[in-house]
Amino acid sequence: MSDWTYEMLRYAFSWNEESADKALKYVVSSRNSNENMSESQLLDILLLTILTEKDEVEKTSALVFLEEHGASLVFDYARLHKVYFVLDNILGVAVDGQSMTYSLKAQVLVTYTALLIQFNCFEADRTRFEGFVD
């Protein structure tokens, strides 16, 4: 795994020690040391974390990481639409106070907005932009 990828993963899951340990155990240690993780694999791991992780801190960490490094991880519109699909699914889930909270939904909205701006969706994907605003 490249140093850049390792540092990005470490940063993404460094909000608490337990999250960092999980990232190292499940993401880094489960891969062959000779195999480099590509940005697309990292994006897939982040999206899976956002969708399936039970810990809200880890989900939020993955969302913040995606927000801050979206331009490096999402390199074409097909992958961008995949990200939007995941975020749309989360926004469609009702708040129950346990698996879905208002703070998590708020972070999803912030991440979604940041990606819309980063990828100039006002001009490049006006339909999505208008649908998000509505």
Side-chain angles (χ1 to χ4, degrees):
M1 176 177 301
S2 69
D3 289 340
W4 180 85
T5 305
Y6 176 78
E7 287 302 315
M8 298 275 272
L9 279 170
R10 194 172 64 80
Y11 168 77
F13 295 97
S14 65
W15 282 26
N16 64 40
E17 192 63 35
E18 181 183 352
S19 296
D21 288 343
K22 283 183 183 179
L24 289 172
K25 181 179 177 186
Y26 296 113
V27 178
V28 178
S29 300
S30 65
R31 297 192 170 274
N32 184 333
S33 60
N34 296 329
E35 181 182 339
N36 285 335
M37 183 185 307
S38 70
E39 285 81 3
S40 65
Q41 290 171 313
L42 180 57
L43 179 62
D44 290 342
I45 291 167
L46 287 171
L47 293 176
L48 280 172
T49 301
I50 292 166
L51 281 173
T52 62
E53 182 58 49
K54 302 290 185 221
D55 184 10
E56 184 175 342
V57 172
E58 290 186 40
K59 284 184 175 188
T60 303
S61 295
L63 286 163
V64 169
F65 185 79
L66 180 59
E67 175 186 336
E68 292 180 357
H69 301 285
S72 299
L73 297 172
V74 182
F75 40 83
D76 62 29
Y77 281 98
R79 296 197 58 79
L80 181 61
H81 288 286
K82 182 178 180 179
V83 172
Y84 288 147
F85 180 78
V86 168
L87 298 179
D88 285 335
N89 280 324
I90 294 171
L91 290 174
V93 175
V95 173
D96 63 7
Q98 292 180 9
S99 64
M100 180 56 64
T101 63
Y102 287 111
S103 61
L104 183 60
K105 271 204 176 186
Q107 184 58 54
V108 170
L109 289 170
V110 169
T111 301
Y112 206 124
T113 303
L115 292 172
L116 287 170
I117 293 167
Q118 286 176 25
F119 290 95
N120 195 22
C121 287
F122 179 73
E123 294 177 7
D125 192 356
R126 188 175 211 101
T127 305
R128 176 162 310 276
F129 181 81
E130 290 175 351
F132 179 74
V133 171
D134 287 338

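Bear in mind the structure is a predicted one, so any value in this text is a computation, not a measurement.
- Residues satisfying the side-chain contact (heavy atoms from CB on, under 4.5 Å) test with Q118, not counting sequence neighbours, are A71, A114, L115.
- Distance CE/M100 to CG/L91: 8.0 Å, rounded to 0.5 Å.
- At a threshold of 4.5 Å between side-chain heavy atoms, the hydrophobic network of Ile, Leu, Val, Met, Phe, Trp and Tyr places V93 and L109 in one connected group.
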Applying side-chain contact (heavy atoms from CB on, under 4.5 Å) to L104 and L63, what does each step give before you reach the verdict?
CA-CA 9 Å; L104 183 60; L63 286 163; 3.7 Å; yes
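- Atoms CD1 and CD1, from I50 and I45 in turn, are 12.0 Å apart once rounded to the nearest 0.5 Å.
- Atom-to-atom distance recorded for N89:CG and L47:CG is 11.0 Å, nearest 0.5 angstrom.
- The NZ atom of K59 sits 7.5 Å away from the OG1 atom of T52 when rounded to the nearest 0.5 Å.
- Here the shortest heavy-atom pairing between E56 and S103 reads OE2-OG, 2.6 Å.
- Rounding to the nearest 0.5 angstrom, the gap separating the CG atom in L51 from the CD atom in E53 is 11.5 Å.
- Residues F65 and L42 meet the side-chain proximity criterion, which asks for heavy atoms closer than 4.5 Å.
- Between T111 and E67 the shortest heavy-atom distance is OG1-OE1, 3.6 Å.
- By the rule that hydrophobic residues join a cluster once side-chain heavy atoms approach within less than 4.5 Å of another member, V74 and F85 end up as members of separate clusters.
- Pairing each heavy atom of L43 with each of R79, the nearest pair is CD2-NH2, 3.2 Å.
- Electrostatic pairing of D76 and K82 does not count as a salt bridge here, judged by no charged N lying under 4.0 Å from a carboxylate O.
- Using a 4.5 Å cut-off between side-chain heavy atoms of Ile, Leu, Val, Met, Phe, Trp and Tyr, with links allowed through other members, L48 and V64 fall into different hydrophobic clusters.
- Residues L80 and Y77 meet the side-chain proximity criterion, which asks for heavy atoms closer than 4.5 Å.
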